[in-house]
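Note that the numbering runs from 1 along the sequence shown for the chain.
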Amino acid sequence: MLSDRQKLILKAIIEDYVITNEPVGSKSLTEKPYLDYSSATIRYDMQALEESGYLEKTHISSGRIPSEKGYRYYVDNLMEL
């Protein structure tokens, strides 16, 4: 079960990735007004989302990209019409 904060982070990562097609890092997420968390907190949740299979890392020092499981969760639970 994802926390509300993890849901917000996952949603932000997927929406950014769809627009930019670039891995999303914690620094870019801290600039979003609705994610008023420290970069360490965001990195912690990104790691938890990765371990749960919702995100993937393309390189050791890169940001994260959504996995198939992450996209499915977004479509089923987070996407707004």
Side-chain angles (χ1 to χ4, degrees):
M1 176 94 128
L2 299 180
S3 69
D4 289 340
R5 184 174 67 208
Q6 288 173 333
K7 290 176 188 176
L8 279 174
I9 291 170
L10 180 62
K11 185 174 192 259
I13 289 171
I14 290 174
E15 290 175 354
D16 273 8
Y17 183 73
V18 167
I19 292 169
T20 66
N21 200 31
E22 295 287 330
V24 180
S26 60
K27 185 172 191 257
S28 67
L29 295 176
T30 60
E31 297 169 358
K32 299 196 176 297
Y34 60 91
L35 288 177
D36 191 25
Y37 307 107
S38 71
S39 60
T41 299
I42 291 174
R43 279 193 306 273
Y44 175 81
D45 281 330
M46 288 171 75
Q47 178 66 34
L49 289 166
E50 183 182 350
E51 290 172 0
S52 299
Y54 294 98
L55 297 177
E56 297 174 349
K57 216 172 184 184
T58 59
H59 188 269
I60 195 150
S61 64
S62 70
R64 307 299 197 298
I65 63 170
S67 67
E68 187 175 325
K69 181 179 178 180
Y71 280 122
R72 174 64 18 212
Y73 188 87
Y74 176 81
V75 169
D76 291 343
N77 301 289
L78 303 174
M79 195 165 109
E80 298 173 9
L81 300 175

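- Thr41 contributes no side-chain N or O that, together with a main-chain N or O of Tyr37, makes up a donor-acceptor pair within less than 3.5 Å.
- The minimum heavy-atom distance linking Leu10 with Gly70 is given by the pair CD2-O, 4.3 Å.
- Minimum heavy-atom separation, Gly53 to Lys69: O-CB, 3.4 Å.
- In this structure Tyr74 satisfies the ring pair (Phe, Tyr, Trp, His ring centres under 6.0 Å) test with no other residue, sequence neighbours excluded.
- A distance-only check finds no donor-acceptor pair linking the side chain of Ser67 to the backbone of Glu56 [under 3.5 Å].
- Lys7 places a side-chain heavy atom less than 4.5 Å from the side chain of Tyr73.
- Residues Lys57 and Glu50 are not paired through a salt bridge, judged by the lack of any N-O separation under 4.0 Å between the basic side chain and the carboxylate.
- Using a 4.5 Å heavy-atom threshold, the side chains of Ile42 and Arg5 count as separate.
- Crowding of Tyr44 atom OH: a count of heavy atoms from other residues, nucleotides or ligands under 6.0 Å not exceeding 12.
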Show the numbers, then the answer: is there a side chain to side chain contact (heavy atoms under 4.5 Å, CB included) between Ile65 and Leu55? CA-CA 6 Å; Ile65 63 170; Leu55 297 177; over 6 Å; no
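- A distance of 15.5 Å separates OH in Tyr71 from OH in Tyr54, rounded to the nearest 0.5 Å.
- Taking CZ of Arg64 as the reference point, atom CD1 of Ile13 lies at 7.5 Å (rounded to 0.5 Å).
- You'll find the side chain of Glu51 reaches within 4.5 Å of the side chain of Gln47, heavy atoms only.
- Among residue pairs with one or both ends in residues 26-36, those qualifying as side chain to side chain donor-acceptor pair (under 3.5 Å) are Asp16-Lys32; sequence neighbours excluded.
- In this structure the side chain of Asn77 never reaches within 4.5 angstrom of the side chain of Leu2, judged on heavy atoms.
- Shown here are the salt bridge (Lys or Arg N to Asp or Glu O under 4.0 Å) partners of Lys11, two or more places apart in sequence or in another chain: Glu15, Glu80.
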